[in-house]
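Data first, discussion second: the structure below is written as structure tokens.
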Amino acid sequence: MGVSGTGKTTVGRLLAERLGATFVEGDDLHPAANVAAMRAGFALTDAQRAPWLARVREAMDDASGGTVVACSALRRPYRDVLREARAPVRFAHLVVPPDELARRLAARTGHFMPATLLASQLATLEPLEADEVGMEVFVDATPDQVAARIWAAHP
Ligand SMILES: Nc1ncnc2c1ncn2[C@@H]1O[C@H](COP(=O)(O)OP(=O)(O)OP(=O)(O)O)[C@@H](O)[C@H]1O
Ligand SMILES: O=C(O)[C@H](O)[C@@H](O)[C@H](O)[C@H](O)CO
């Protein structure tokens, strides 16, 4: 979990390799209208995110064995939906300073998410609460080192 640009896809793929788990890219499960909205610079509403989160949860249930999912899961209620998956769910919240996020999103090409949506992503973010199983990971290292830290916490 984490706002756009924190490295969910990059780190998630590496973590899945380490775990021998299936990797699920949450971005691929958005209804086309959601992608069009984000591409046009509009932040998604809770109502727009609902069918997407349902699909992410279904993808977790469809994969055999463990899954690593790249999904922003910004708000507690969104994570509550994902926790309805059949297997136990643990979150790793990737945390990156906003100025670094802005640099990354400005440099990234070939992705629908515009850097202008970063402020709304940060405003929407609800960090993990004490009763949520998971960890916060400060991303001050290479993607492989970050994946290794998550793996070490949940081998
Ligand atoms: N640890 C890191 N250090 C430096 N750059 C990184 C790191 N992790 C990812 N990046 C770079 O930051 C950019 C964003 O990474 P990525 O696309 O994985 O993020 P994301 O959280 O999946 O984004 P989104 O939610 O918008 O899909 C990419 O250009 C990626 O190469
Ligand atoms: O809930 C959201 O606002 C969206 O899921 C975004 O986070 C994007 O999917 C992703 O970050 C874009 O790359």
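Note that ligands are numbered from 1 as they come in the structure, with each ligand's atoms numbered from 1 the same way. On a predicted model such as this, the values are computed, not experimentally measured, just so you know.
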What closest approach, in Å, do [X] and [Y] show between heavy atoms, and which atom pair accounts for it?
{"X": "Ala92", "Y": "Ile150", "value": "CB-CD1, 3.9 Å"}
{"X": "Ala37", "Y": "Gln48", "value": "CB-NE2, 4.2 Å"}
{"X": "Leu19", "Y": "Trp151", "value": "CD2-CD1, 3.4 Å"}
{"X": "Val3", "Y": "Thr6", "value": "O-OG1, 2.9 Å"}

What is the distance from atom CD of Glu126 to atom CZ of Arg75, rounded to the nearest 0.5 Å? 4.5 Å
dist Tyr78:OH -> Arg49:CZ (nearest 0.5 Å) comes out at 4.0 Å
Set of residues that line ligand 2, where lining means a heavy atom lies under 4.0 Å from it: Ser4, Asp27, His30, Met38, Arg49, Trp52, Ser72, His111, Phe112, Met113, Gln121
Run through ligand 1 for me and note each protein residue having a heavy atom under 4.0 Å from it, chain first, then residue number. Val3, Ser4, Gly5, Thr6, Gly7, Lys8, Thr9, Thr10, Asp27, Arg104, Arg108, His111, Val139, Ala141, Thr142, Pro143
Indicate yes or no for a side-chain donor-acceptor contact from Lys8 to the backbone of Glu25 under 3.5 Å, with no hydrogens or angles considered. no
Table please: side-chain donor-acceptor pairs of residues 52-59 below 3.5 Å, with sequence neighbours left out.
{"residue": "Trp52", "atom": "NE1", "partner": "Gly26", "partner atom": "O", "Å": "2.9"}
{"residue": "Arg55", "atom": "NH1", "partner": "Leu29", "partner atom": "O", "Å": "2.9"}
{"residue": "Arg57", "atom": "NH1", "partner": "Asp61", "partner atom": "OD2", "Å": "3.3"}

With a 3.5 Å cut-off and sequence neighbours excluded, list the donor-acceptor pairs that the side chains of residues 110-120 form with protein atoms.
{"residue": "His111", "atom": "ND1", "partner": "Arg108", "partner atom": "NH2", "Å": "3.4"}
{"residue": "His111", "atom": "ND1", "partner": "Met113", "partner atom": "N", "Å": "3.0"}
{"residue": "His111", "atom": "NE2", "partner": "Asp27", "partner atom": "OD2", "Å": "3.1"}

